[in-house]
Amino acid sequence: MQSTSSALDDAAVAPQPVPSRSLRRAFWDLRDGWRHRTLWGYLGWQDIRQRYRRSVLGPLWITISMGVTAVALGLLYSQLFGSDPSFFLPYVTAGLIVWGFISGCVEYGAEVFIENEGLIRHLPAPVTLHVFRLVWRQVLFFIHNLAVYLVMLLFFPIRPNWTVLLAVPAFALLVLNGTWIALVVGIISTRFRDLPPVTKSLVQLLFFMTPIVWVYDDLLAKGGRVAERARLAEFNPFLHFIEIIRRPMLGQSFEPRYWVVTGIITVVGWSLALLFLRNYRARVSYWV
């Protein structure tokens, strides 16, 4: 009787296994992925070095490419819209820098698990490690491209004020959203392989629907039907993420509505990402 009761006591004290499909497992995957930051930090940097291997300028080509694109589009569209180049060039540059980060998280996020098939199959690591690696690589691209913005400060009369400090929390929000987007799109694309090319086409379309090479405030100032149609851009979530960073970079006024929308998207997006992690985290290794 004593042995039976002690066995029952041990069973009651023993920790119960956590189901594989649970929110706790999802949070553990995020935690373990963050603990491997030394690994994905190194791999993200190596991705950039490998891309420009045997190149004389190396990663400096990232900045050169962004600078040439910004100047070309800025001069072209400033003439088409009759805008002052001293305002339009920094405006386009800041927009392109932010857009480069967003589009990279979406496009590369669609293939983040597919491209890392070998590591996923042979390396026992959390799936979020590969997402963190991707986002970290995009952060490095963003930092490189900021050099173009700093050059613009030297040649054009941009006078950033105290609002420039808001660019720091704005970029933190951008990183948070880039992480959940890459995670969700990556899981869906791993299961449905037709999604990556569709994603690339959609990103190209959204580039022209987002005020990067056209000025949203100018269209609103025209009033009438033009302003009414321009307000449809408010339904584009990328507009709000662009503006929370670009406006501080250009010394423009603070607009609370952009921050409210991005905050709501962040909460909803991460709720969706946790749901996907809970339900499909363990299936990624079978789908790749």
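Starting from 1, each residue takes its place in the sequence as its number.
The aromatic rings of Trp287 and Tyr280 sit tilted relative to each other, their planes meeting at an angle between 30° and 60°. Aromatic ring pairs are classed by plane angle as parallel below 30°, tilted from 30° to 60° and perpendicular above 60°; the pair Trp45 and His144 is parallel.
Put simply, the side chain of Val127 does not reach to within 4.5 Å of the side chain of Ile120, judged on heavy atoms. The shortest side-chain heavy-atom distance between Leu173 and Trp259 falls under the 4.5 Å cut-off. Tyr149 has its side chain out of reach of Leu96: every pair of non-hydrogen atoms, C-beta onward, lies at least 4.5 Å apart. Looking at heavy atoms from C-beta onward, Leu277 lies out of side-chain contact with Trp28 at the 4.5 angstrom threshold. With contacts defined as side-chain heavy-atom distances shorter than 4.5 Å, the pair Met152/Leu250 does not qualify. You'll find the side chain of Phe101 stays beyond 4.5 Å of the side chain of Asn145, heavy atoms only. Residues Glu111 and Lys200 form a side-chain contact, since some pair of their non-hydrogen atoms from C-beta on lies under 4.5 Å apart. Here the side chains of Phe238 and Val98 are not in contact, with every heavy-atom distance at 4.5 Å or above.
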Val284 vs His130, test: side-chain contact (heavy atoms from CB on, under 4.5 Å). Steps then yes/no. CA-CA 12 Å; Val284 171; His130 308 288; over 6 Å; no
Decide side-chain contact (heavy atoms from CB on, under 4.5 Å) for Val92 and Tyr77; before the verdict, give the C-alpha distance in whole Å, the side-chain angles of both, and the deciding distance to 0.1 Å. CA-CA 9 Å; Val92 171; Tyr77 283 94; 5.7 Å; no
Give the C-alpha distance, both sets of side-chain angles, the deciding distance and a yes or no for side-chain contact (heavy atoms from CB on, under 4.5 Å) between Ile244 and Leu166. CA-CA 8 Å; Ile244 62 172; Leu166 294 175; over 6 Å; no
Verdict with supporting geometry, Ile114 and Arg193, side-chain contact (heavy atoms from CB on, under 4.5 Å): CA-CA 9 Å; Ile114 300 173; Arg193 297 302 177 92; 3.6 Å; yes
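In this structure a side-chain-to-backbone donor-acceptor pair under 3.5 Å is missing from Tyr108 to Gln138. Of the possible polar contacts, none joining the Thr262 side chain to the His240 backbone as a donor-acceptor pair under 3.5 Å is found. Here the side chain of Ser78 pairs a donor or acceptor atom with the backbone of Leu75 at under 3.5 angstrom. Within the 3.5 Å criterion, the main-chain N or O of Gly269 finds no donor-acceptor partner in the side chain of Asn177. Using a distance-only test at 3.5 Å, with no hydrogens or angles considered, a donor-acceptor pair links the side chain of Trp40 to the main chain of Gly33. Remark: side-chain polar atoms of Arg247 are paired, donor with acceptor, to backbone N or O of Ser253 under 3.5 angstrom. Panel note: side chain Arg37, backbone Trp34; a donor-acceptor pair is recorded below 3.5 Å. In this structure a side-chain-to-backbone donor-acceptor pair under 3.5 Å is missing from Trp214 to Phe81. A donor-acceptor pair under 3.5 Å is absent between the side-chain atoms of Tyr216 and the main chain of Thr210, judged by distance alone.
When the side chains of ILVMFWY residues are joined at heavy-atom separations under 4.5 Å, either directly or via intervening members, Trp180 and Val268 end up in two distinct hydrophobic clusters. When hydrophobic clusters are built by joining Ile, Leu, Val, Met, Phe, Trp and Tyr residues whose side-chain heavy atoms come closer than 4.5 Å, directly or via intermediates, Phe208 is grouped together with Trp99. When hydrophobic clusters are built by joining Ile, Leu, Val, Met, Phe, Trp and Tyr residues whose side-chain heavy atoms come closer than 4.5 Å, directly or via intermediates, Ile102 is not grouped with Val168. Residues Leu146 and Leu140 share a hydrophobic cluster, clusters being chains of Ile/Leu/Val/Met/Phe/Trp/Tyr side chains in contact below 4.5 Å. Note on Tyr286: it does not cluster hydrophobically with Leu195, by side-chain heavy-atom contacts below 4.5 Å among ILVMFWY residues.
Closest heavy-atom contact between Phe207 and Val213: CZ-CG1, 4.2 Å. Taking all atoms of both residues into account, the shortest heavy-atom contact from Leu183 to Ala273 is CD2-CB, 4.0 Å. Counting all heavy atoms, side chain and backbone alike, Ala26 lies closest to Leu274 at CB-O, 4.0 Å. Heavy-atom minimum distance, Ala182 versus Val112: O-CG1, 4.0 Å. Of all heavy-atom pairs spanning Val185 and Thr199, the tightest one is CG1-OG1, 4.4 Å. Summarising the geometry of Pro248 relative to Glu243, their closest heavy-atom pair is CD-O, 3.8 Å, with the distance given to 0.1 Å.
Taking CD1 from Ile212 and CG from Leu73, the interatomic distance works out to 10.0 Å, rounded to the nearest 0.5 Å. With values rounded to the nearest 0.5 angstrom, Phe241 atom CZ is found 4.5 Å from Ile265 atom CD1. The structure places CZ of Phe141 at 10.5 Å from CE of Met66, a figure rounded to the nearest 0.5 Å. To the nearest 0.5 Å, atoms CG (Leu43) and CG (Leu134) are separated by 12.5 Å. One finds the CG atom of Leu174 at 9.5 Å from the OG1 atom of Thr266 (value rounded to the nearest 0.5 Å). Between the CD1 atom in Ile97 and the CZ atom in Arg246 there is a gap of 11.0 Å [rounded to 0.5 Å].
At most 12 heavy atoms of other shown residues, nucleotides or ligands fall within 6.0 angstrom of atom CG in Asp194. Atom CZ of Phe254 sits in a crowded spot, with more than 12 heavy atoms from other residues, nucleotides or ligands closer than 6.0 Å.
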